[in-house]
Protein chains: 2
Amino acid sequence: MLMDDLQQESRRYLASYVMFNQAVADHLKLHPTDVQCLNLLTAEPGPFTTGRIAELTGLTSGSATRLVDRLEKAGYVVRHRDSTDRRRVLVEPVPEAMRDLTELWSELSQGWRAMFADYTEDERALLYRHMQRTVELSRQQIARLRDKG
Amino acid sequence: MLMDDLQQESRRYLASYVMFNQAVADHLKLHPTDVQCLNLLTAEPGPFTTGRIAELTGLTSGSATRLVDRLEKAGYVVRHRDSTDRRRVLVEPVPEAMRDLTELWSELSQGWRAMFADYTEDERALLYRHMQRTVELSRQQIARLRDKG
DNA sequence: CTAAATATCTGCGCAACGCAGTAACTGCGT
DNA sequence: ACGCAGTTACTGCGTTGCGCAGATATTTAG
């Protein structure tokens, strides 16, 4: 297994994930950013403030406000002020409204489940650990890129 | 290994890849779509026409034309008409201009190489095959989403 | 009690996008 | 040879997401 092959395949892999996100967004008639945000809301540990959403998505604070505006208007999330620090706004997903997204995801994940089912327990454990490591590495790389300006 | 855990981690994984693409785009002062397109240009087999780029990125033909306009203006690609079918426009990457992107990628991929180097040959083969399968599965899922409207 | 820092929101201009229509070209049938 | 449908790419136009800079409310430091 040549490293260059692995790298090339990683690149296709990355591209296919971005395309996938785009396709999901088109299908739900939402913007890719919005879908990304909803994904983060279900995948990352809360609680979420507008500022944290800005950080997670890489948007500026102003754009994050607009993003939350759209999601709130569409009924996906609710805002309420943090009682301990009244500057902060907590953003909470609305489970019922997330159903569209969850259903779509779970429909699509049939394919993934089938794929994962083909692996042995050890292989699944390897893939799981690899994903964790990749997420962590991405986080570091993103931080470095932002620092370098 | 519970399937739900695997699915949750897949979701974080997907989100982190989208974030990563976003960060690369910000760093190069390009639009995420443009970076995605350049990625596809190096990762997918050619030749590329404007129409194929539209299909790969999920954009409409008009937006794909504008995308190629931007990339051409920035010097990343050149246009020239297909001599056998003069309706078609072939889009070719300019290797020197791609250096920015390639260098950045290869700098960032140091981290990936290190990560991959930790695995055994068999494990790398598994990951490689898994990526291929995922790319193929994504392709199918995207096609289904687009068909459903 | 004032000043600096923090979290969010708002006004404004820019630009990417989809849509619908246009122009150039190919290939088909007659 | 001719015209007509289908294909490929491009062009206005309106909408909307985005960054930037400044405004507002609240907390924290001195």
Side-chain angles (χ1 to χ4, degrees), chain A residues 18-19 21-38 40 46-74 76-92 145-146 149, chain B residues 18-19 21-38 40 46-74 76-92 145-146 149:
Chain A
V18 174
M19 287 166 68
N21 198 63
Q22 175 81 47
V24 171
D26 288 348
H27 187 256
L28 292 175
K29 310 248 193 291
L30 290 174
H31 276 257
T33 309
D34 299 23
V35 174
Q36 168 74 355
C37 181
L38 293 175
L40 290 164
F48 301 97
T49 62
T50 303
R52 177 150 166 74
I53 287 173
E55 188 189 354
L56 285 170
T57 55
L59 295 174
T60 60
S61 78
S63 298
T65 295
R66 261 55 177 268
L67 168 59
V68 176
D69 284 348
R70 291 196 300 274
L71 293 179
E72 188 178 36
K73 189 170 184 181
Y76 285 102
V77 300
V78 289
R79 275 181 167 105
H80 66 80
R81 298 210 88 88
D82 185 340
S83 53
T84 67
D85 182 345
R86 294 177 43 73
R87 290 170 302 180
R88 287 155 52 111
V89 171
L90 295 172
V91 179
E92 291 185 358
L145 280 175
R146 288 190 187 158
Chain B
V18 174
M19 287 166 69
N21 197 64
Q22 175 81 48
V24 170
D26 288 347
H27 188 257
L28 292 175
K29 310 244 194 296
L30 289 175
H31 208 261
T33 308
D34 300 22
V35 174
Q36 168 73 354
C37 180
L38 293 175
L40 290 165
F48 300 97
T49 62
T50 303
R52 178 151 165 72
I53 288 173
E55 187 189 355
L56 285 171
T57 55
L59 295 175
T60 60
S61 84
S63 299
T65 296
R66 265 40 179 277
L67 168 58
V68 176
D69 285 348
R70 291 196 300 273
L71 293 178
E72 187 178 37
K73 190 170 182 179
Y76 284 102
V77 301
V78 289
R79 272 184 170 104
H80 66 79
R81 298 210 88 89
D82 186 339
S83 52
T84 68
D85 182 345
R86 293 177 45 72
R87 287 171 305 184
R88 287 153 55 106
V89 171
L90 294 171
V91 178
E92 290 184 0
L145 281 176
R146 289 190 187 159

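By convention in this document, chain letters (A, B, ...) are assigned in the order of the sequence lines, proteins followed by strands, and residues within each chain are numbered from 1.
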Flag, side chain of B/R81 to backbone of B/V89, donor-acceptor distance under 3.5 Å | no
Which nucleotide in the set D/dG19, C/dT8, D/dA9 lies at the smallest distance from any side-chain heavy atom of A/S61?
-> C/dT8
Take atom [atom1] of [X] and atom [atom2] of [N], then tell me their distance rounded to the nearest Å.
X	N	atom1	atom2	value
A/K73	D/dT16	NZ	C1'	12 Å
B/R66	D/dT11	CZ	P	7 Å
B/L59	C/dA15	CG	P	18 Å
A/D69	D/dC18	CG	P	12 Å
B/Q22	D/dG19	CD	P	7 Å
B/L67	C/dA15	CG	P	16 Å
A/H31	D/dG17	NE2	P	4 Å

For the side chain of A/R86 and the base of D/dT26, is some donor closer than 3.5 Å to an acceptor across the two?
-> no
Side chain B/R88 and base D/dT8 donor-acceptor under 3.5 Å | no
The residue, B/R52 or A/R81, whose nearest nucleotide of DNA chain D is more 5′ is B/R52
The Watson-Crick or G-U wobble partner of C/dT30, with both key distances under 3.5 Å, is D/dA1
Indicate, with a heavy-atom threshold strictly under 4.0 Å, whether A/G51 touches base, sugar-phosphate, or nothing.
-> sugar-phosphate
Across the strands shown, which category fits A/T65 at heavy-atom distances under 4.0 angstrom: base, sugar-phosphate, nothing?
-> base
